[in-house]
Amino acid sequence: MTKPLIVVTGASSGIGAAIAKRFSEAGHPLLLVARRVERLAALNLPNTMCRAVDVTDTASFRAALKEAEAAYGPVDCLVNNAGVMLLGQIETQDPEEWQRMFNVNVLALLNGMQAVLADMKFRGRGTILNVSSIAGRKSFPNHAAYVGTKFAVSAMSENVREEVSDSGVRVMTICPGAVDTELLSHTTSQEIKDGYEAWKDAMGGVLVADDIARAAAFMYDQPQNVNIRELVVAATRQPA
């Protein structure tokens, strides 16, 4: 392959699928992982390995990485996109929803970074692009536990960036505002979902997934000695 391997987690829909399409159009071989492997296959992208992997299963993720690297060479960019947004009020929300968000949004992201960092540091190059959120920078109603996971993503990304910067490896964070994806559908409270949809309508619509994908491709495409550490992307009319 003339271009290096890109790995995208949570690539079966939304931002992950859009990022996969952008990198494929640029000529990169891909490893796409998600639980819904049939959706990955339906993207029908060339030079792409699709694997049914729950990102909380570290062993399965590492096995998929090893298989993809045997076919396409070392990972040059890991896009940690997999995430869950379960909105709710702390006094009434099921604590299992908090656990699920921290497992996927935080612990799986740490495991993903750990799986690729040693080799990237050894080679003196590589990029980790972590998808955080504008909720990793400020609070929103009904978002307390979710905000906690995304503040963690943003903080951990900056901390690891400092730790590996001298090795030539880049750690970047992209923080989307409201985007039209399936993410909201995971929330169990219909009242909260209705309020969120009304908020989106009040600002005249929100971003689409490809808006974030274009930004992600721009970040990665900078020379290796240029690191766009954090990028916040939101609809112009999104007030917060």
Side-chain angles (χ1 to χ4, degrees), residues 6 8-26 30 32-45 50 55 79-88 97 100-101 104-105 108-109 129-151 153-154 172-220 228 230-240:
I6 308 288
V8 185
T9 70
S12 60
S13 66
I15 292 171
I19 288 174
K21 291 174 185 176
R22 282 280 167 183
F23 281 122
S24 180
E25 289 169 2
L30 302 174
L32 305 182
V33 301
R35 290 176 300 169
R36 299 175 295 183
V37 70
E38 70 284 352
R39 288 205 178 187
L40 300 177
L43 295 174
N44 196 30
L45 301 176
C50 302
V55 292
V79 182
N80 276 315
N81 167 73
V84 180
M85 182 175 76
L86 302 168
L87 306 184
E97 294 189 348
R100 183 181 171 198
M101 284 191 286
V104 175
N105 298 359
L109 181 138
L129 177 55
N130 291 329
V131 180
S132 183
S133 170
I134 200 168
R137 296 168 55 87
K138 67 176 305 297
S139 59
F140 290 89
N142 305 312
H143 281 58
Y146 178 71
V147 159
T149 68
K150 290 302 185 177
F151 264 75
V153 169
S154 293
M172 302 173 165
T173 310
I174 187 166
C175 300
V179 183
D180 189 13
T181 69
E182 296 179 2
L183 204 58
L184 180 64
S185 67
H186 303 153
T187 293
T188 53
S189 168
Q190 189 59 48
E191 181 181 0
I192 290 175
K193 287 195 285 189
D194 290 345
Y196 194 96
E197 292 291 352
W199 176 65
K200 287 161 60 176
D201 291 341
M203 69 177 87
V206 296
L207 301 181
V208 297
D210 189 58
D211 295 327
I212 305 304
R214 292 197 313 277
F218 172 78
M219 295 170 77
Y220 172 75
I228 300 175
E230 183 179 64
L231 186 65
V232 182
V233 187
T236 300
R237 291 186 61 187
Q238 180 171 334

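Here the CG atom belonging to Leu86 is positioned 8.5 Å from the CG atom belonging to Leu183, to the nearest 0.5 angstrom. Rounded to the nearest 0.5 angstrom, Cys175 SG and Ile134 CD1 are separated by 8.0 Å. Atoms CG and CD1, from Leu30 and Ile19 in turn, are 11.0 Å apart once rounded to the nearest 0.5 Å.
Inter-residue side-chain proximity for Leu184 and Leu87 is flagged as met; some heavy-atom pair is nearer than 4.5 Å. Looking at heavy atoms from C-beta onward, Leu45 lies out of side-chain contact with Phe23 at the 4.5 angstrom threshold. Proximity of Ile15 to Pro176: side-chain heavy atoms (C-beta onward) are separated by under 4.5 Å at one or more points.
When all heavy atoms are compared, the tightest approach of Val153 to Asn105 is CG2-O, 3.3 Å. Across all non-hydrogen atoms, the minimal contact from Val206 to Asp180 is CG2-N, 3.6 Å. Considering every non-hydrogen atom in both Val8 and Gly16, the closest pair reads CG1-O, 3.7 Å.
Under the side chain to side chain donor-acceptor pair (under 3.5 Å) criterion, Ser154 pairs with Ser132, sequence neighbours left out. In terms of the ring-ring contact (aromatic ring centres under 6.0 Å, His included) criterion, Phe151 has no residue partners (sequence neighbours excluded). Scored by the side-chain contact (heavy atoms from CB on, under 4.5 Å) test, Ala144 finds Ile90 as partners (sequence neighbours excluded). Scanning for side chain to side chain donor-acceptor pair (under 3.5 Å) contacts around Asp194 gives Gln190, with sequence neighbours left out. Looking at residues two or more places apart in sequence or on another chain, you find no side chain to side chain donor-acceptor pair (under 3.5 Å) involving Thr9. Under the side-chain contact (heavy atoms from CB on, under 4.5 Å) criterion, Arg36 pairs with Ser12, Ser13, Glu38, Arg39, Glu182, not counting sequence neighbours. Remark: Glu230 pairs with Arg137 by the salt bridge (charged side-chain N to carboxylate O under 4.0 Å, His left out) rule, at least two apart or across chains. Qualifying salt bridge (charged side-chain N to carboxylate O under 4.0 Å, His left out) partners for Lys21, counting only residues two or more places apart in sequence or in other chains: none. By the salt bridge (charged side-chain N to carboxylate O under 4.0 Å, His left out) test, Arg22 pairs with Asp210, sequence neighbours left out. The ring-ring contact (aromatic ring centres under 6.0 Å, His included) search around Phe218 returns none, not counting sequence neighbours. Partners of Ser189 under the side chain to side chain donor-acceptor pair (under 3.5 Å) rule, at least two apart in sequence or in another chain, do not exist in this structure.
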Please tabulate, for side-chain N and O atoms in residues 233-240, each donor-acceptor pair with protein atoms closer than 3.5 Å (sequence neighbours left out).
{"unit_1": "Gln238", "atom_1": "OE1", "unit_2": "Ala178", "atom_2": "N", "d": "3.0"}
{"unit_1": "Gln238", "atom_1": "NE2", "unit_2": "Ala240", "atom_2": "O", "d": "2.8"}

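Judged by distance alone, the side chain of Lys193 and the main-chain N or O of His186 form no donor-acceptor pair under 3.5 Å. A donor-acceptor contact shorter than 3.5 Å links the side chain of Asn81 to the backbone of Gly10.
Taking the six-membered ring where tryptophan is involved, the planes of His143 and Tyr146 are perpendicular, since the angle between them exceeds 60° and thus also 30°.
Geometric assessment of Lys200 against the ring of Tyr196 yields a negative cation-pi assignment under the 6.0 Å and 45° thresholds.
Using a cut-off of 4.0 Å between Lys/Arg side-chain N and Asp/Glu carboxylate O, Glu97 and Arg100 are scored as not salt-bridged.
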Which is it for Ile174 and Leu129 under the side chain to side chain contact (heavy atoms under 4.5 Å, CB included) test, yes or no, and what are the steps along the way?
CA-CA 7 Å; Ile174 187 166; Leu129 177 55; 4.2 Å; yes

